[in-house]
Amino acid sequence: MSIETCPLSIEDIQSELEEIREIAAKNNTKKMFEKALSLIDLTTLNSTDTVSSVAAFTEKVNQFPAAFPGISNVAAICVYPNMAHTVKSSLKVSNVKIAAVAGGFPSSMTFTKLKIEEAQLAVSAGANEIDIVLPLWAFLEGHFETCISEISGIKKAIGDAHLKVILESGVLNVDQIWQASILAIGAGADFIKTSTGKLPQAASPEAAFVMCLAIKQHFEETDQKIGFKPAGGIVTPEDAILYLTIVQEILGDQWLTPELFRIGASRLANNLLEKITGKTVKHF
Ligand SMILES: O=C[C@H](O)COP(=O)(O)O
């Protein structure tokens, strides 16, 4: 099976990004910071997470409307699969989704059978979104059918839950990011996501550009909208606005909703709230 290479060179992409950066600089507004906050998958993926700490993390989301009236809450809480039940039992506010990483996150280096079972268990525990990692061991050697079979198998197994496929774009070149995007979308991904956040090389504007381009091509060919989630190392409001502007410029304002765009982040929310409120914020 062959998948075409990226239609733009890295030089073309970087040139386009220069223009987008200029537009992003004008998007650093209170309104856009509030928009970015509403798109966050508020993430805690620590080996030291406990039932108590995740319950307390979830309670902060419950307290958000009272603490910040008039500001939209985050889009989702993202945790390890064994913590999905804690979020489900602790979450009291509506319109905040429960995302769980699964499928042998972050390495994806385990058996497909176990990946499917872990994703199913996370959904049974309350997750309505599942974030898995592309099996890079197969992808990097061109075993694309293996990747497609695994992704589609997990997608089928999780029913109505949404599937995000993490490409780990930080360790891929432009053509590989393009190919992995096309492959994941074709295999049934509802979202494609840049990174696990567990490698030094995480989200990048270049990867975001390529992935949004692939989503745009798919939309033009099929009329189907696929979501995009940059994640890993997105900490400052300006980082978030750059990614939001990339999505806006390539895919359009219709993608600027939680149904189609998320920002995976564990350290961004308070920084956005400080820009929005003009005060020091230590809420999350
Ligand atoms: O979305 C998942 C990532 O692990 C978040 O990465 P971060 O902790 O660098 O924000």
Would Y243 and I234 count as a side chain to side chain contact (heavy atoms under 4.5 Å, CB included) if you check the C-alpha gap in whole Å, the side-chain angles of each, and the deciding distance to 0.1 Å?
CA-CA 9 Å; Y243 286 104; I234 304 175; 3.7 Å; yes
Verify whether one side chain among [X] and [Y] offers a donor that lies under 3.5 Å from an acceptor in the other.
| X | Y | result |
| --- | --- | --- |
| N271 | T236 | no |
| N46 | T48 | no |
| T146 | S149 | no |
| Q254 | Q248 | no |
| E168 | T196 | yes |

Centroid-centroid under 6.0 Å between F191 and F228 rings
no
Do F209 and W178 have their ring centres less than 6.0 Å from each other?
no
Start with the C-alpha distance between K97 and R262, add both sets of side-chain angles, then the distance that settles side chain to side chain contact (heavy atoms under 4.5 Å, CB included), and finish with yes or no.
CA-CA 11 Å; K97 300 290 187 186; R262 299 287 177 82; 3.9 Å; yes
Counting N and O atoms only, with roles assigned by atom type, does the side chain of [X] sit under 3.5 Å from a partner on the main chain of [Y], one being a donor and the other an acceptor?
| X | Y | value |
| --- | --- | --- |
| N173 | D175 | yes |
| Q201 | V171 | no |
| K164 | I132 | no |
| S89 | H85 | yes |
| S53 | D49 | no |

Is it the case that over 12 heavy atoms from other parts of the model lie below 6.0 angstrom from the [atom1] atom of [X]?
| X | atom1 | answer |
| --- | --- | --- |
| Q224 | CD | yes |
| K88 | NZ | no |
| N95 | CG | no |

Given the rule in the salt bridge (Lys or Arg N to Asp or Glu O under 4.0 Å) test, do K115 and E150 qualify, once you have shown the distances and angles that lead to the verdict?
CA-CA 9 Å; K115 295 179 185 181; E150 180 166 285; 2.7 Å; yes
Apply the test salt bridge (Lys or Arg N to Asp or Glu O under 4.0 Å) to residues K92 and E59: give CA-CA distance (whole Å), side-chain angles for both, the deciding distance (0.1 Å), then the verdict.
CA-CA 8 Å; K92 300 185 182 72; E59 184 54 24; 3.4 Å; yes
Less than 4.5 Å apart, side chain to side chain, heavy atoms only: is that true for M211 and L167?
yes
Check whether any side-chain heavy atom of M32 sits under 4.5 Å from a side-chain heavy atom of L244, and report yes or no.
yes
Please assess F139 against Q179 for the test side chain to side chain contact (heavy atoms under 4.5 Å, CB included), listing each intermediate value before the final yes or no.
CA-CA 9 Å; F139 176 79; Q179 291 164 348; 4.2 Å; yes
Determine, step by step, whether D41 and K229 satisfy the salt bridge (Lys or Arg N to Asp or Glu O under 4.0 Å) criterion, reporting the C-alpha distance in whole Å, the side-chain angles of both residues, the deciding distance to 0.1 Å, and the verdict.
CA-CA 9 Å; D41 277 4; K229 177 177 174 181; 2.7 Å; yes
List, by chain and number, the other hydrophobic cluster members for F111, where Ile, Leu, Val, Met, Phe, Trp and Tyr join if side-chain heavy atoms come within less than 4.5 Å, directly or indirectly.
L114
Check this for me: does any side-chain nitrogen of one of E34 and K275 sit under 4.0 Å from a carboxylate oxygen of the other?
no
